[in-house]
Amino acid sequence: MLTESTQELLVACLTALRDEDRPKAAVLADQAAKSGARLGAELSRHLGSASDGHVYDQPAAFTAFIRGGGNVNLYAQLARRLAGLYNERRPASLLDLGCGDGLALVPALEKAAHRPSRIDLVEPSAALLEVAAQRVDGANARQTTAQEFLAETELSWDLVQSTFALQSLEPGDRQEVFHTLRERTGELVLAEFDVPDVTEHSPEHLASLVERYERGVAEYGQDGDLVAQGFLMPMLLGLVAPGGVRNNWEQPADDWRGQLTAAGFAEVEVTPLADYWWSPAVLIRAR
């Protein structure tokens with residue numbers, strides 16, 4: 001638990017990053033680290049490095065992240081819910097957009113009594129897609145983005161899923177993907193986070209980031225340095241620093257619902273999935 005003074009140091013650090021004063025941010029991060037903040041220590045180390053912030057170019061860090069900490073329970077719950085959905089819907093064709101290395105899809109297929117006869121995998125990371133393709137027998141794998149894939153094919157699917165992946169698309173691109181999928185799938189299911197509804201870069205937003213990232217960096221043991229430096233810190237800087245490489249555009253659950261409705265989905269259902277250090281995870285079904 002951060003003390004009030006340490007919390008203030010870290011908020012000031014993020015404020016300096018927001019205002020493009022990296023030297024000041026580095027000093028404040030070091031002060032927070034000396035006060036015992038794990039986030040301060042990781043920020044101090046990261047700000048002293050030459051990292052460019054491309055998180056998904058470091059598959060080892062991403063893999064360690066999603067296979068540890070609170071993700072263990074998160075993905076166990078996700079696999080259970082997806083398996084139930086496969087059994088309920090019995091899709092003949094399934095598309096997984098942003099499948100990663102198959103962490104969500106493979107356990108769900110193993111738990112389900114029903115397996116789609118055609119499974120299409122789309123993932124921009126070659127390293128992650130190679131693993132997913134090896135784990136899902138007979139799958140059609142494409143290394144590309146969601147929007148490029150949908151523009152290149154006229155295929156349709158009984159079920160399309162995307163688990164913590166479409167947050168990586170800018171809102172305009174995501175809206176275009178939703179609009180395209182509305183005409184080409186019987187149901188779209190998303191797993192995403194119901195993040196706080198606060199104004200980006202506001203003091204409330206920065207304070208929320210400090211609280212949540214302090215919890216997150218504490219969840220990893222021997223992989224802590226790899227996860228923090230290769231994934232969590234680049235993600236954080238991408239959110240607050242104008243010169244950082246932004247990697248996601250998350251939004252509250254109500255905004256996900258609004259985007260899907262605007263794309264033409266008539267029925268959108270949001271249900272709790274799992275508690276998580278970042279924000280509550282939800283399952284969104286759009287038909």
Side-chain angles (χ1 to χ4, degrees), residues 14 18 55-56 66 70-71 74-75 77-78 81-82 85 95-100 104 122 124 145-147 149-150 159-213 215-216 231-232 234-242 244-287:
L14 297 190
R18 180 200 66 188
V55 297
Y56 296 110
I66 60 175
N71 285 301
L74 174 63
Y75 277 87
Q77 296 302 320
L78 178 56
R81 293 284 293 276
L82 289 176
L85 185 59
L95 168 64
D96 191 339
L97 287 174
C99 64
V122 174
T145 65
Q147 53 270 52
F149 174 74
L150 292 172
L159 180 65
V160 175
Q161 69 180 45
S162 186
T163 55
F164 310 111
L166 293 187
Q167 59 182 254
S168 66
L169 298 184
E170 295 188 39
D173 291 338
R174 187 161 60 212
Q175 191 66 41
E176 182 179 345
V177 167
F178 286 160
H179 181 77
T180 302
L181 287 174
R182 170 61 186 86
E183 304 298 326
R184 293 162 65 177
T185 185
E187 180 169 345
L188 171 63
V189 58
L190 309 174
E192 287 294 348
F193 295 112
D194 184 12
V195 298
D197 188 6
V198 293
T199 302
E200 276 198 358
H201 300 159
S202 67
E204 294 78 12
H205 180 229
L206 299 182
S208 174
L209 290 177
V210 164
E211 293 173 2
R212 291 182 284 153
Y213 269 90
R215 292 197 298 267
F231 187 77
L232 291 177
M235 291 289 285
L236 177 57
L237 265 66
L239 286 173
V240 299
V245 180
R246 184 157 183 172
N247 298 285
N248 63 27
W249 288 262
E250 293 182 295
Q251 56 190 4
D254 283 346
D255 290 348
W256 285 100
R257 185 196 305 272
Q259 273 203 304
L260 289 162
T261 301
F265 288 93
E267 183 180 348
V268 181
E269 176 186 73
V270 180
T271 56
L273 177 59
D275 289 330
Y276 191 69
W277 66 265
W278 177 241
S279 288
V282 294
L283 200 71
I284 306 168
R285 296 178 63 175
R287 296 177 285 273

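Residue indices begin at 1 and follow the sequence shown.
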Measure the CD-CD distance between Q175 and E170 for me, rounded to the nearest 0.5 Å. 13.5 Å
Can you see which heavy atom on P234 is nearest to which on N247, and at what distance?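 Scanning both residues completely, I find the closest heavy atoms to be O-ND2, 3.9 Å.
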Does any non-hydrogen side-chain atom of [Y] lie less than 4.5 Å from one of [X]?
X: V122; Y: D96; answer: no
X: R182; Y: L260; answer: no
X: W256; Y: V270; answer: no
X: R174; Y: Q251; answer: yes
X: L166; Y: L190; answer: yes
X: I284; Y: V189; answer: no
X: Y75; Y: F164; answer: yes
X: R285; Y: V268; answer: no

Within the distance-only criterion (no hydrogens, no angle test), does the side chain of [X] pair as donor or acceptor with the backbone N or O of [Y] below 3.5 angstrom?
X: S208; Y: E204; result: no
X: D194; Y: P280; result: no
X: H201; Y: L239; result: yes
X: S162; Y: L97; result: yes
X: S202; Y: H205; result: yes
X: T180; Y: E176; result: yes
X: Q259; Y: P171; result: yes
X: R287; Y: E267; result: no
X: S168; Y: A165; result: yes

Check side chain to side chain contact (heavy atoms under 4.5 Å, CB included) between R81 and all other residues, then give those that pass, not counting sequence neighbours.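 With neighbours one apart ignored, the set is T271, L273, L283.
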For atom CG of D255, decide whether the heavy atoms of other residues, nucleotides or ligands shown that lie under 6.0 angstrom number more than 12. yes
Check against side-chain contact (heavy atoms from CB on, under 4.5 Å), L95 and Q161: CA-CA 6 Å; L95 168 64; Q161 69 180 45; over 6 Å; no
Relative to W278, does R212 satisfy both conditions: NZ or CZ under 6.0 angstrom from the six-membered ring centre, and within 45 degrees of the ring's axis?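 Output yes; distance and angle both within limits.
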CA sep, side-chain torsions, deciding dist, call: L74, W277, side-chain contact (heavy atoms from CB on, under 4.5 Å): CA-CA 10 Å; L74 174 63; W277 66 265; over 6 Å; no
Check against side-chain hydrogen bond (donor to acceptor under 3.5 Å, both in side chains), E192 and Q167: CA-CA 8 Å; E192 287 294 348; Q167 59 182 254; 2.7 Å; yes
Could you please spell out the steps behind the side-chain contact (heavy atoms from CB on, under 4.5 Å) verdict for L169 and W249? CA-CA 7 Å; L169 298 184; W249 288 262; 5.9 Å; no
By salt bridge (Lys or Arg N to Asp or Glu O under 4.0 Å), E200 pairs with (sequence neighbours left out) R246
Sequence-distant partners of E250, salt bridge (Lys or Arg N to Asp or Glu O under 4.0 Å), two or more places apart: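 If we apply the salt bridge (Lys or Arg N to Asp or Glu O under 4.0 Å) test to E250, skipping adjacent residues, there are no hits.
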Which of parallel (below 30°), tilted (30 to 60°) and perpendicular (above 60°) describes F178 and F265?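 The arrangement is perpendicular - the two ring planes meet at more than 60°.
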